[in-house]
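The structure appears below as structure tokens.
Atoms considered below: every heavy atom in the structure, side chains included; atoms not considered: hydrogens, waters and symmetry mates. All figures in this text were calculated on a predicted structure; none of them were measured in a lab. Chain A is the first sequence line, chain B the second, and so forth, proteins listed ahead of strands; every chain is numbered from 1.
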Amino acid sequence: MGDEEKKSRRDFLQRASLLVAGGCGALAAVEVVVASLPPAAARRDYFSVGHLADFRHGTLTFLPQPEVFVLCDDRGLGAFSARCTHLGCTVRRSSQGFQCPCHGARYDEQGRLLAGPATRDLDWFALHIDADGGVWLDRRRRVPAGTMILPELPGVKQS
Amino acid sequence: MKRAGPQAGLFFHLHPARVAASSLRPTATLGLGILSAVLFALLALSGTLLTLYYLPTTSQAYGSMLDIQYLVPLGGFLRTVHRWAAHLMVVTVALHLLRVVACAAYRGRARNWFIGLGLGASTLLLAFTGYLLPWDGRAYWAVRVSTGMLDNLPLAGGLLRGLLLGGDSVGAATLVRFYAAHVFFLPLLLLLLFVWHLWRLRRDGGLARPGEPEQLLPARPHLLVREAALALAACAVVASAAWLWPVELGAVIDTVRPADPEKAPWYFLGVQEMVSHSTLWGALLVPGLLTVFLAALPFADGAGRYTGVWWGAGRRRSLLAAVALLALLVMATCLWLEWRQLRPAGIHPSAVMTILALLAGVAGWLLARSRRAALLAFFVVMVVALGGFTLAGWWRGSGWRLLLPWAG
């Protein structure tokens, strides 16, 4: 066995062990990152919004938990996010509708974009009503702005 | 037996044993590196004492802050010292970076330049993670606003935000993560990088200077005396600031109703202001361009004379001064238009300033035929812009209106 052959074998072993060590290191790094990511269970998407009997015509209710506004008028019930579509601050009521206190985006009373750094309307979410008249909001299901559901159940009281 | 030689002791293996006479002149560095190190030591000391009382859970953090502020003997002073030292360290580290760019001290020292950038990033992250810990309304919303900006980074933004927050929004997991990062991981990283930074500085032959051979003086006493004086001055300034302007706790946290307006910590106010004009420019293009500039700087600039001399050759200083003046004028005009609410909707001041910076770079190249002049011209405009946007963010009032403090 020549020196050349020995040397090339040593080179090969050196490279192979470096590769294996590097691979293990990379896997460990990926594992650290994955372990640091928030678990899916930390996200909640389904929220109880209240009961049909709770809503009055011409009202806007703010729900702190999923940070949504629930709008109730003669077209029915609709829900839209209070989170500014720009960078996620909670918008505040203003004379025109809503304004974001973080970068000044403005929306009208139904969450449609008026001005500012945001580029789209506030997110509207699907609502559904169970057999007992409980209203539920599904944060995974977006609907076009202005989508209202008109419950057939007797319950939406005229004020 | 006491050894008096210049290399005596472990300390002098890290600390230079001899130092060039020109490096000792106050104008060589303005002492900014030493000041940053002193402030870090002060922060480590006061921070260690604060950990004795601070409780990093969402239900206890604010209460423990109240205890520190009002019950612990000298606790309020200690906390204020920590806070002022943190603000000042962000300033001195930023000025240190400015100094290194202005003096082209990165030349031939790319590795130490990048270690320095790592130190700067660690400083910002330390200041930012510490901002959340009081768990008052101001801290909560500042962190929510700042981390919200990450959503605009393509691909990695959401991932990065999840890693930082440990959940969908700022909550219990975020507080624990920020605490762990603030008291352990980041100080450790900063300390390691700092030691490496100093060691590289010694290996590279001390401070960058024009290169004429010159006399080397023993660091003890010549450098040590100056370091001690700077350390005492820094302590005096921090203690006086803490005494004169004590920092009160913010209001109790309200995760539902933000104040109006809600602002990021001051060192991110410039970005917040730019983002309020345009997310693309403010959160992506300007920070991206600056990152590329800083990363490419030691390679874009070649070797040359006047290394270690502020702003390079004398005749280029007037060019740079003109560029700075022009940038100030344009920036002031942008702010005035914003204040009078006359800004056309599609015109973003951050875009205007960036284009001006690029043009200044081209002009610097054409007029001076020097890569350094071109890079400096670009950098000067960007620094003026960042300063202007930070001020504008500072002056934003209710309804995100720009309110000039002297104009009512």
Side-chain angles (χ1 to χ4, degrees), chain A residues 29-47 60-70 81-107 113-120 122-123 125 139-140, chain B residues 140-142 144-152 156-174 177 180 254-264 271-283 338 341 345 348 350 393 396-402:
Chain A
V30 167
E31 164 59 18
V32 166
V33 169
V34 169
S36 315
L37 281 174
R43 269 187 66 92
R44 217 179 115 204
D45 293 308
Y46 214 62
F47 295 91
L60 185 77
T61 320
F62 178 66
L63 298 169
Q65 192 21 254
E67 294 195 1
V68 295
F69 290 105
V70 181
S81 170
R83 284 198 168 196
C84 181
T85 55
H86 180 222
L87 293 178
C89 279
T90 312
V91 297
R92 296 165 62 102
R93 293 302 305 270
S94 71
S95 51
Q96 292 160 305
F98 303 94
Q99 178 161 36
C100 172
C102 297
H103 306 90
R106 282 181 282 132
Y107 305 88
L113 183 67
L114 292 174
T119 49
R120 58 191 172 86
L122 294 177
D123 290 323
F125 298 121
R139 205 162 53 166
R140 281 163 307 184
Chain B
Y140 175 86
W141 283 99
R144 204 167 133 178
V145 172
S146 319
T147 50
M149 291 193 259
L150 284 176
D151 281 349
N152 288 284
L159 190 82
L160 214 56
R161 187 159 176 263
L163 281 179
L164 267 177
L165 298 187
D168 214 15
S169 53
V170 180
T174 318
R177 279 179 190 211
D254 182 347
T255 57
V256 173
R257 266 172 296 274
D260 178 28
E262 203 59 75
K263 293 189 185 176
V271 178
Q272 190 182 8
E273 172 69 18
M274 290 191 289
V275 161
S276 82
H277 308 138
S278 155
T279 331
L280 177 70
W281 283 94
E338 189 73 32
Q341 301 188 311
H348 308 307
S350 41
R396 289 286 177 177
S398 173
W400 205 245
R401 287 273 307 279
L402 188 63

### Message
Given heavy-atom pairs under 4.5 angstrom as the criterion, report whether the side chain, backbone, both or neither of B:A259 touches chain A.
### Response
backbone
### Query
Distance from B:W400 atom CH2 to A:C100 atom SG, nearest 0.5 Å?
8.5 Å
### Task
Indicate whether the side chain of A:S36 and that of B:R177 have a donor and an acceptor atom separated by less than 3.5 Å.
no
### A:V33 portion near chain B, given a 4.5 angstrom heavy-atom threshold
both
### Task
Could you tell me whether a side-chain N or O of B:Q272 sits under 3.5 Å from a main-chain N or O of A:C102, the two making a donor and an acceptor?
yes
### Side chain, backbone, both or neither of B:T255 within contact of chain A (heavy atoms, under 4.5 Å)
backbone
### Query
For atom CZ of A:R93, is the number of surrounding heavy atoms from other residues, nucleotides or ligands below 6.0 Å larger than 12?
yes
### Distance in Å, A:L37 CG paired with B:L165 CG, rounded so as to fall on 0.5 Å steps
11.5 Å
### Message
As a test of understanding, state which of B:R144, B:R257, B:E262 forms a side-chain hydrogen bond (donor to acceptor under 3.5 Å, both in side chains) with A:T90.
### Response
B:R144
### Query
Under 3.5 Å, side chain of A:R92 to main-chain N/O of B:P258, donor-acceptor pair present?
yes
#### Entry: Minimal non-hydrogen separation, A:R83 against B:S169, with atom names
NH2-CB, 3.7 Å
#### Entry: Beyond-backbone contact of A:C89 with B:V145, side-chain heavy atoms, under 4.5 angstrom
yes
### Query
CG of B:D260 to CD of A:Q99: how many Å apart, nearest 0.5 Å?
6.5 Å
